[in-house]
Amino acid sequence: MEILDYEDSLETYLGDLGGRKITIVSAFASGTEALIDQMIENDNQLDILVGTISSLTSPDFIEHCLNEANPALQLTVDFRSQASVNWKLYLVEPDTVILGSANLTQVGVSLVRDTATVITDAALYDAYLARVQALKAVDGVMPCVASQAFEDALDVYRQSHRRMQAGLARTAEYLDSEGWLGDDINQSIPLFIWYSDHSEQSEEVAREHLKASSDGVAWDDVREFFTYECAEGALPYEEGDVVLTARCNGSHIGFYTFDRILYRDGTYYIYSYRKKRYTQPFRLDGDKELLKESIPSWYEDGRTEINRADILRILP
């Protein structure tokens, strides 16, 4: 038996394996695409099953495995939401069982805050492998393949995941981006980038729409307003969302709560109200200059959210 920790991590253990069959069952997975690729490059055969409790498995992880289209990688997704699997199990053929608290996430496999125990026991290995196979036969547990049924289930899950992440952004308040990244339930933040400032005419139109609405907020109580042109129902934000906003040249970066959203004649009018205290997932402080470099490309790509990988790439 061996106990792994942050100095001898699960990530290192798995990354050093070669020519083995590795079975992984995790409550959720995110940010470990590079580790998956490394294990495949090391000539391992991977059989991975991930859950969807609280919509915490990253759709990016699922799509990465789907796009891999590699016979050495088999992914299964338990789409049963709160009833889905909550295991943290790693099996290495022929007789190694790894148990602990580490999910298949960037923070989890680092063992910075989790633990894992390596057990050599052929009977235990076979028993768990049989349970994994039985789990795959449960209704709602689907192989990650290019099929209409899987795509439909994934589309529904993407929306659930996005709403969960937006909900976390409303309530999370970390001291800085490092703190936000240190909790791997945080995977994305809504993003809104605009092209140009509003004219006096467009401001007057927004003012009149707000005045005609029923919430009774005076224009002087509006901190900022935004507009978004799209079909009704296609807006990727909801009232109450805390959104990272910026102009397309990387200026005017800040977090705004979208307190009131009105749809009028093909345009959404979005209002952020003045408050004594403003919610933000983390303090931007010196991060604004680093974010500024990426915002023009995000605007060109039509991005409406940023994820952990984006933040890791641009922030120290």
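Only heavy atoms go into these numbers, but all of them, side chains included; no hydrogens, no water, no symmetry mates.
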So which heavy atom on [X] is nearest to which on [Y], and how close?
X      : Y      : result
Ile295 : Arg247 : CG2-O, 3.3 Å
Asp184 : Val107 : OD2-CB, 3.3 Å
Glu305 : Ser188 : OE1-OG, 3.8 Å
Gln187 : His161 : OE1-NE2, 2.7 Å

Regarding [X] and [Y], do their side chains bring together a donor and an acceptor under 3.5 Å, going by distance alone?
X      : Y      : result
Asp155 : Gln159 : no
Asp259 : Thr257 : no
Thr304 : Arg162 : yes

Min side-chain heavy-atom separation [X]-[Y] under 4.5 Å:
X      : Y      : value
Asp60  : Arg308 : no
Leu91  : Ile22  : no
Leu262 : Phe225 : no

* Any ring pair (Phe, Tyr, Trp, His ring centres under 6.0 Å) pairs touching residues 17-67, not counting sequence neighbours? ->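 Non-adjacent pairs meeting ring pair (Phe, Tyr, Trp, His ring centres under 6.0 Å): zero.
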
* Aromatic rings Phe192 and Tyr228: how do their planes relate, parallel, tilted or perpendicular, breaks at 30° and 60°? ->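 Tilted.
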
* Kindly state whether the ring of Tyr157 and the ring of Phe150 have centres lying under 6.0 angstrom apart. =>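 Ring centroids of Tyr157 and Phe150 are no less than 6.0 Å from each other.
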
* **Output field: ring centroids Tyr256/Phe226 closer than 6.0 Å** =>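 Centroid separation for Tyr256 and Phe226: below 6.0 Å.
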
* Scan residues 67-86 for pairs that pass side-chain hydrogen bond (donor to acceptor under 3.5 Å, both in side chains), counting only residues two or more places apart or in two chains. =>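 Checked against side-chain hydrogen bond (donor to acceptor under 3.5 Å, both in side chains) - neighbours excluded - the pairs reaching residues 67-86 are Asp78-Arg80, Asn86-Lys88.
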
* Asked: Tell me, which pairs form a side-chain hydrogen bond (donor to acceptor under 3.5 Å, both in side chains) where one or both residues lie in residues 120-144, sequence neighbours left out?
  ->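 Checked against side-chain hydrogen bond (donor to acceptor under 3.5 Å, both in side chains) - neighbours excluded - the pairs reaching residues 120-144 are Asp47-Lys136.
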
* Salt bridge check: are Arg277 and Glu173 linked by an N-O gap of less than 4.0 Å? ->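 Result for this pair is yes, salt bridge flagged.
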
